[in-house]
Amino acid sequence: MERDSTAGGAEDLLLEDKVSKLRAGSLHKHELAEAMEVEQEGLVEHQPLEQDDLNFEKWKPKPKPKRTLHEKIDDLKTYLWNAETKEFMGRSGKSWSLILLFYSALYIFLAAMFAGCMCCLMWSISPYAPTYNDRVMPPGMTMFPHVDVAHGFDIAFNASDRSSWRKYAKALEAHLKPYDDGVQDRRNINCEGNTYSMQDDLEESAERKACQFKRSWLGECSGMKDKDFGYSKGKPCILVKMNRILGYLPGQGTPVNVTCGVKKGSTEGLGEVQFFPENIFNLRYYPYYGKLRHVNYSSPLVAVRFPSVQYDTQLHVQCKLNGKGIINDSPTDRFLGSVSFTLEVGA
């Protein structure tokens with residue numbers, strides 16, 4: 001029994017020795033292979049280049065052969081309709097159907113969203129008055145005639161030359177057409193007094209009554225007695241008015257008045273200044289309720305006549321609004337509460 005165990009132990013030792021030698025041999029072979037690969041790489045790096053490797057022309061991209069017009073047309077036809085693959089512009093019928101379906105759904109959704117936003121907006125605002133009106137600017141002022149706004153409000157003519165002032169008379173006549181007495185009698189009501197014409201107790205959509213302002217009230221500047229509005233006599237007329245502001249009450253209970261004078265230079269050249277029907281804007285024409293409710297509203301006018309202006313003298317004239325809450329000396333807005341123009345009358 002002892003011999004057998006001794007023999008078995010010897011055999012195990014021999015096997016372990018063989019296994020260790022085999023492992024050492026395999027490791028040695030692996031290291032040897034790696035060393036040979038490194039040596040070969042070094043030889044390749046130091047190997048001289050052949051003549052073909054120095055020929056760079058072969059590495060350049062070869063030019064594409066020129067295509068004839070006929071070939072290009074054939075390619076275009078194939079792109080538009082490929083009979084073999086049944087494709088139109090590179091896509092099959094199914095692909096085109098999916099694209100059209102996607103974009104149709106997309107734009108329908110966008111249109112519906114935009115329509116919904118517009119409906120919500122229109123529902124939330126009033127067509128008769130602004131929803132938010134935190135600050136109302138003082139009114140601006142404008143004048144007639146102004147036939148050449150690009151060059152400012154300039155009035156220059158010779159009384160004896162009809163062609164030089166005819167354009168001014170025509171502009172005044174066109175502006176005063178809605179103020180004809182017959183038109184005012186049909187459209188508006190006769191108002192009296194000098195107080196605000198408040199109509200806030202009516203429904204929001206109800207039409208407001210407008211007071212009459214008749215052309216005949218402008219006297220010498222009405223164009224009824226003198227069709228030339230004084231231009232043929234060297235005594236020109238102009239019309240001034242305040243700009244409309246929704247709900248604005250000018251003057252805070254006191255009528256706003258108008259004054260005109262020379263802005264630059266001597267005041268003697270302008271002479272007397274006449275106003276028709278008077279130099280105030282009567283309070284009964286205010287407030288203004290907007291175009292939808294004040295359908296036939298006629299803005300009040302003040303006609304200004306210069307009967308004794310000096311001939312052949314260019315005058316810088318300024319007409320101003322004066323009253324409570326009125327601004328007429330703004331350095332940034334020359335039409336805020338005032339209007340300036342040049343006047344030159346020749347014989």
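Computation of the quantities below employed the complete heavy-atom set of this structure, encompassing side-chain atoms and omitting hydrogens, waters and symmetry-equivalent molecules.
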* **Verdict with supporting geometry, Ile155 and Val317, side-chain contact (heavy atoms from CB on, under 4.5 Å)** => CA-CA 11 Å; Ile155 299 177; Val317 184; over 6 Å; no
* Asked: Going through the checks in order, is the salt bridge (Lys or Arg N to Asp or Glu O under 4.0 Å) test met by Lys235 and Glu272?
  -> CA-CA 11 Å; Lys235 302 176 181 181; Glu272 182 187 3; over 6 Å; no
* To do: Show the numbers, then the answer: is there a side-chain contact (heavy atoms from CB on, under 4.5 Å) between Cys319 and Phe341?
  => CA-CA 9 Å; Cys319 293; Phe341 60 96; 4.2 Å; yes
* Test log, rule side-chain contact (heavy atoms from CB on, under 4.5 Å), inputs Thr195 and Leu283 -> CA-CA 5 Å; Thr195 58; Leu283 298 181; 5.6 Å; no
* **Full working for side-chain contact (heavy atoms from CB on, under 4.5 Å) between Lys177 and Val183** => CA-CA 9 Å; Lys177 274 292 183 183; Val183 175; over 6 Å; no
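Met198 has its side chain within reach of Pro287: a pair of non-hydrogen atoms, C-beta onward, lies under 4.5 Å apart. Asp333 places none of its side-chain heavy atoms less than 4.5 Å from the side chain of Ile327. The side-chain heavy atoms of Phe229 and Trp165, taken from C-beta on, include no pair separated by under 4.5 Å. A heavy-atom distance below 4.5 Å is found between the side chains of Phe144 and Lys241. Looking at Arg244 and Ser299, their side chains come closer than 4.5 Å, going by heavy atoms from C-beta outward. No side-chain heavy atom of Leu246 sits under 4.5 Å from any side-chain heavy atom of Tyr128. Side-chain contact check for Asp154 versus Glu344: every heavy-atom pair is 4.5 Å or farther apart.
Listed for the Tyr231 side chain is a donor-acceptor partner under 3.5 Å among the backbone atoms of Cys237. In this structure, the side chain of Tyr196 engages the main chain of Pro250 through a donor-acceptor pair within 3.5 Å. A distance-only check finds no donor-acceptor pair linking the side chain of Arg215 to the backbone of Tyr179 [under 3.5 Å]. A donor-acceptor distance shorter than 3.5 angstrom exists from the side chain of Gln199 to the backbone of Lys209, with no hydrogens or angles considered. Under the 3.5 Å distance criterion, the side-chain polar atoms of Ser340 are left unmatched by any main-chain donor or acceptor of Gln318. Side-chain atoms of Arg293 never come within 3.5 Å of backbone atoms of Arg208 as a donor-acceptor pair (strictly under, hydrogens ignored). Within the 3.5 Å criterion, the main-chain N or O of Phe102 finds no donor-acceptor partner in the side chain of Tyr107. The backbone N or O of Leu321 lies less than 3.5 Å from a partner atom in the side chain of Asn328, making a donor-acceptor pair. With hydrogens and angles ignored, the 3.5 Å screen pairs no side-chain donor or acceptor of Asn158 with any backbone N or O of Ser164.
Ion pairing of Glu71 with Lys66 is absent here, as no side-chain N (NZ or NE/NH1/NH2) approaches a carboxylate O to less than 4.0 Å.
Taking OG1 of Thr254 as the start and CG of Asn322 as the end, the distance is 12.5 Å to the nearest 0.5 Å. Expressed to the nearest 0.5 Å, how far CG of Asn190 lies from CD of Gln184 amounts to 10.5 Å. In this structure, CG on Asn257 lies 12.0 Å from NZ on Lys320, to the nearest 0.5 angstrom. Separation of atoms CG (Leu239) and CZ (Phe276) is listed at 11.5 Å; rounding is to 0.5 Å. Distance check, rounded to the nearest 0.5 Å: CG of Leu315 to NZ of Lys264 gives 13.0 Å. Atom CZ of residue Arg187 and atom CG of residue Asp180 lie 10.0 Å apart, to the nearest 0.5 angstrom.
Residue Leu121 comes nearest to Ser124 through the heavy atom pair O-OG, 2.8 Å, listed as atom of the first residue, atom of the second, then distance. Considering all non-hydrogen atoms of both residues, Ser216 and Ser222 come closest at CA-CB, 4.4 Å. Scanning all heavy atoms of the two residues, the minimum distance from Pro139 to Tyr248 falls at CD-OH, 3.4 Å.
The hydrophobic clustering, which links ILVMFWY residues whose side-chain heavy atoms are closer than 4.5 Å, places Met113 and Leu106 together. Hydrophobic clustering (side-chain heavy atoms under 4.5 Å, transitive across Ile, Leu, Val, Met, Phe, Trp, Tyr) keeps Val240 apart from Ile280. Grouping the Ile, Leu, Val, Met, Phe, Trp and Tyr side chains by contacts below 4.5 angstrom, directly or via other members, places Tyr311 with Tyr168. Both Trp81 and Tyr79 are part of a single hydrophobic cluster, where members link through side-chain heavy atoms under 4.5 Å apart.
Between the side chains of Ser163 and Asp161, at least one donor N or O sits under 3.5 Å from an acceptor N or O.
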Counting only pairs under 3.5 Å, give me each side-chain donor-acceptor contact of residues 89-100, with atom names and distances, residues two or more places apart or in other chains.
from: Arg91; atom 1: NH1; to: Ser95; atom 2: OG; distance (Å): 3.0
from: Ser92; atom 1: OG; to: Ser95; atom 2: N; distance (Å): 3.4
from: Trp96; atom 1: NE1; to: Phe88; atom 2: O; distance (Å): 2.7
from: Ser97; atom 1: OG; to: Gly93; atom 2: O; distance (Å): 2.8

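When each of Thr313, Ile238, Val262, Val309 is paired with Leu343, the side chain to side chain contact (heavy atoms under 4.5 Å, CB included) condition holds for Val309 and for no other.
Within 6.0 Å of CE in Met122 there are 12 or fewer heavy atoms belonging to other residues, nucleotides or ligands.
Asp226 pairs by the salt bridge (charged side-chain N to carboxylate O under 4.0 Å, His left out) definition with nothing, not counting sequence neighbours.
Using the six-membered ring where Trp is involved, Phe213 and Trp217 have ring planes that are perpendicular, over 60° apart on the 30 and 60° scheme. Below 30°, between 30° and 60°, or above 60°: for Tyr288 and Tyr297 the angle between ring planes is between 30° and 60°, a tilted geometry. Phe153 and Phe335 have perpendicular rings, their planes meeting at more than 60° on a 0 to 90° scale where under 30° would count as parallel.
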